[in-house]
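Notes follow the structure.
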Amino acid sequence: MSDHSATPTPFRSSRLPLVLVGLVAGLAVGIAGSWVISGAQRPEVVRASIAAGAEVPVVLTRVGDRIVVPPNSPLRTRLVVEEPTMKEVSRTLVLPAVVEADPTRTVKVLPPVAGRVIDLKVQLGARVVEGQELAVIDSSDLAQAFADEEKARSTVKLTKQTLDRLIVLEKASAISVKDREQAQSDHAQAQSELERAQSRLRAIGVRVDRKERSRLLSLKAPITGSVIDLQVAPGAFLNDPTAGIMTLANLDTVWVTANVPEKDISFVFTGQTVNVAFASYPDKVFSGKVLFVSDVIEPDTRRNKVRIAFDNSDKALKPNMFASARFVAPSIMRIMVPNSALLMTNDRTSVFVEVASWAFERRDVEIAYQEGAAVAIKSGLQPGERVVVKGGVRLND
């Protein structure tokens, strides 16, 4: 058994060189095959290299601020250059508005003296005529004013008598000139004091020649109009001469005030026709003209006040009513360009203008307003100039 098991060992050793020879031969065949395959593919690599080195056409050139698109540039098929259209526009601006009383026909009634209101003759909303009694005030100040006037009148009378007597005595050389001059000075001072006392009565609103010297003051209406504000009631004590007790407004003419945004100020002007509609009168349109355009922008709202005057003899329009004001401007010609032509850079808006055949310059423009998919150009373009309306961003890059 032991002899039989030892026999195969020399046999495996004799085959080992043959296996190694086979492996080396296979490796050589593989390397030769790869060389053949690489040689077959090499012409394609060269052709690709030649194709990669071919001349690439110039897309665009820049000469200063001008961009030129050469004839063989692929951009020529991607840019659309057109002449903007001209459109006659009559822009309408609709703004909220409110009815206000005419300030030149509005009066705040102030108490001329301190005192207590013992009777109120009118109510809020009442219509009054000039000179009509509004209220009755019991005032000690009025009584004092009457007393001052009576005292001054009495002093004038006394100093006049004294002066007349001294003039007679002076003619008889019974007194000195100095005494007569002193009497004249006293009489002049008394007259001045009387004038002051009478002026005080007139300022209070009392007739100087009034026979009845009462403490009661009848407050009269200074204008014809309506009571639009009331701040007093019977029994109230008045001690502040600067605090109004009521406000009267003549509403025969009223103002409709609209606040125009800062960007639309140039759209509104004095004398412009305005159509105003009120929710209270849906089937009626009130037509008026711009009376006043404020010279000052409201700092908080950045808006400008515009006022339209309306005749209101029938009192149909009442202060604080809301309205809708429609401003119509005269027709003008505007250059219209599509939104796609605009280039936005920070706070700049610009377009590419064709200054020569396929030569462009970037130019800033000012937009008047937007209308659908187009904008109206206020400045920056001239009629007849051609602009890039599509693909302009490629020139910008």
So, Arg215 and Asp138, do they make that salt bridge, N to O below 4.0 Å? yes
Residue pair Thr349 / Ile367, side-chain heavy-atom distance below 4.5 Å: yes
With ring pair (Phe, Tyr, Trp, His ring centres under 6.0 Å) as the test, would you mind laying out the steps for Phe327 and Phe267 before giving the verdict? CA-CA 8 Å; Phe327 297 81; Phe267 184 76; 7.4 Å; no
The reported gap from CG in Asn304 to CG in Asn259 (rounded to nearest 0.5 angstrom) is 8.5 Å
With side chains defined as the heavy atoms from C-beta onward, is the minimum distance between Arg334 and Lys378 less than 4.5 Å? yes
Shortest non-hydrogen contact from Arg62 to Leu395? NH2-O, 3.3 Å
Which atom names give the shortest non-hydrogen contact between Pro112 and Ala203, and what distance separates them? CB-O, 4.3 Å
With a 4.5 Å cut-off on side-chain heavy atoms, are Asp164 and Lys160 touching? yes
Taking Met246 as the fixed residue, which of Leu120, Leu124, Leu219, Val128 is the one that meets the side-chain contact (heavy atoms from CB on, under 4.5 Å) rule? Leu120
Ile377 backbone acceptor or donor facing Tyr369 side chain under 3.5 Å: no
Are Val290 and Leu317 connected in a single hydrophobic cluster, I mean Ile/Leu/Val/Met/Phe/Trp/Tyr linked by side-chain heavy atoms less than 4.5 Å apart? yes
Determine whether Lys318 and Val99 make a side-chain contact, defined as any pair of heavy atoms from C-beta on separated by less than 4.5 Å. no
side-chain hydrogen bond (donor to acceptor under 3.5 Å, both in side chains) evaluation trace for Thr224 with Glu130: CA-CA 5 Å; Thr224 298; Glu130 184 177 356; 4.9 Å; no
Nearest 0.5 Å, what's the CD1-CD distance between Ile67 and Glu361? 9.5 Å
A quick test of your reading: do over 12 heavy atoms of other residues, nucleotides or ligands sit less than 6.0 Å from CG of Asp314? yes
For Asn72, is the CG atom crowded, meaning more than 12 foreign heavy atoms sit under 6.0 Å from it? yes
Could you point out which residue of Leu248, Ile223, Thr253, Val254 forms a side-chain contact (heavy atoms from CB on, under 4.5 Å) with Arg105? Thr253
Can you tell if the side chain of Trp358 reaches within under 4.5 Å of the side chain of Pro70, non-hydrogen atoms only? no
Tell me whether Arg326 at atom CZ has more than 12 heavy atoms from other residues, nucleotides or ligands lying less than 6.0 Å away. no
Sidechain N-carboxylate O distance under 4.0 Å for Glu82, Lys390: no
More than 12 heavy atoms from other groups under 6.0 Å of CZ on Phe269: yes
Arg202 CZ: over 12 foreign heavy atoms closer than 6.0 Å: yes
Residues Gly392 and Phe352: closest non-hydrogen pair is O-CE1, 3.3 Å
Trace of the side-chain hydrogen bond (donor to acceptor under 3.5 Å, both in side chains) decision for Thr104 with Asp102: CA-CA 5 Å; Thr104 62; Asp102 186 347; 2.7 Å; yes
Testing Val156, Thr159, Thr162, Leu163 one by one against Asp186 for a side-chain contact (heavy atoms from CB on, under 4.5 Å), which residue passes? Thr159
Ile137 side, atom CD1; Leu238 side, atom CG - distance, nearest 0.5 Å: 5.0 Å
I'd like to know if Glu181 and Lys178 make a salt bridge, using a cut-off of under 4.0 Å between side-chain N and carboxylate O. no
Between Leu381 and Val351, is there a side-chain heavy-atom distance shorter than 4.5 Å? yes
Is Arg386 paired with Glu83 through a side-chain N to carboxylate O contact shorter than 4.0 Å? no
May I ask you to decide if Arg348's main-chain N or O and Thr345's side chain share a donor-acceptor pair within less than 3.5 Å? no
Separation of Ser73 OG from Arg394 CZ (nearest 0.5 Å): 10.5 Å
What I want to check is whether the side chains of Ser350 and Arg363 have a donor and an acceptor closer together than 3.5 Å. no
With a sphere of 6.0 Å drawn around NZ of Lys315, does it hold more than 12 non-hydrogen atoms of other residues, nucleotides or ligands? yes
To the nearest 0.5 Å, what is the distance between CZ (Arg165) and CD (Glu170)? 14.0 Å
Which atom pair, heavy atoms only, marks the closest approach of Ala249 to Thr106? CB-OG1, 3.9 Å
Do the charged groups of Glu149 and Arg153 touch, with an N to O distance under 4.0 Å? yes
Decide if atom NZ of Lys157 counts as having more than 12 heavy atoms of other residues, nucleotides or ligands within a radius under 6.0 Å. no
Can you tell if the side chain of Asn339 reaches within under 4.5 Å of the side chain of Val375, non-hydrogen atoms only? yes
Between Ser214 and Leu142 the two heavy atoms that sit nearest each other are O-CD2, 3.5 Å
Before you tell me yes or no, could you show the steps for Arg180 and Gln184 under side-chain hydrogen bond (donor to acceptor under 3.5 Å, both in side chains), namely the whole-Å CA-CA distance, both residues' side-chain angles and the distance that decides it to 0.1 Å? CA-CA 6 Å; Arg180 189 262 304 165; Gln184 285 181 326; 2.9 Å; yes
Considering only NZ, NE, NH1 and NH2 on the basic side and carboxylate oxygens on the acidic side, decide whether Arg303 and Glu298 come within less than 4.0 Å. no
Examine distances only and state if a side-chain atom of Ser331 and a backbone atom of Glu88 form a donor-acceptor pair shorter than 3.5 Å. no
Heavy-atom nearest pair, Ala243 first then Pro111, reads O-CD, 3.2 Å
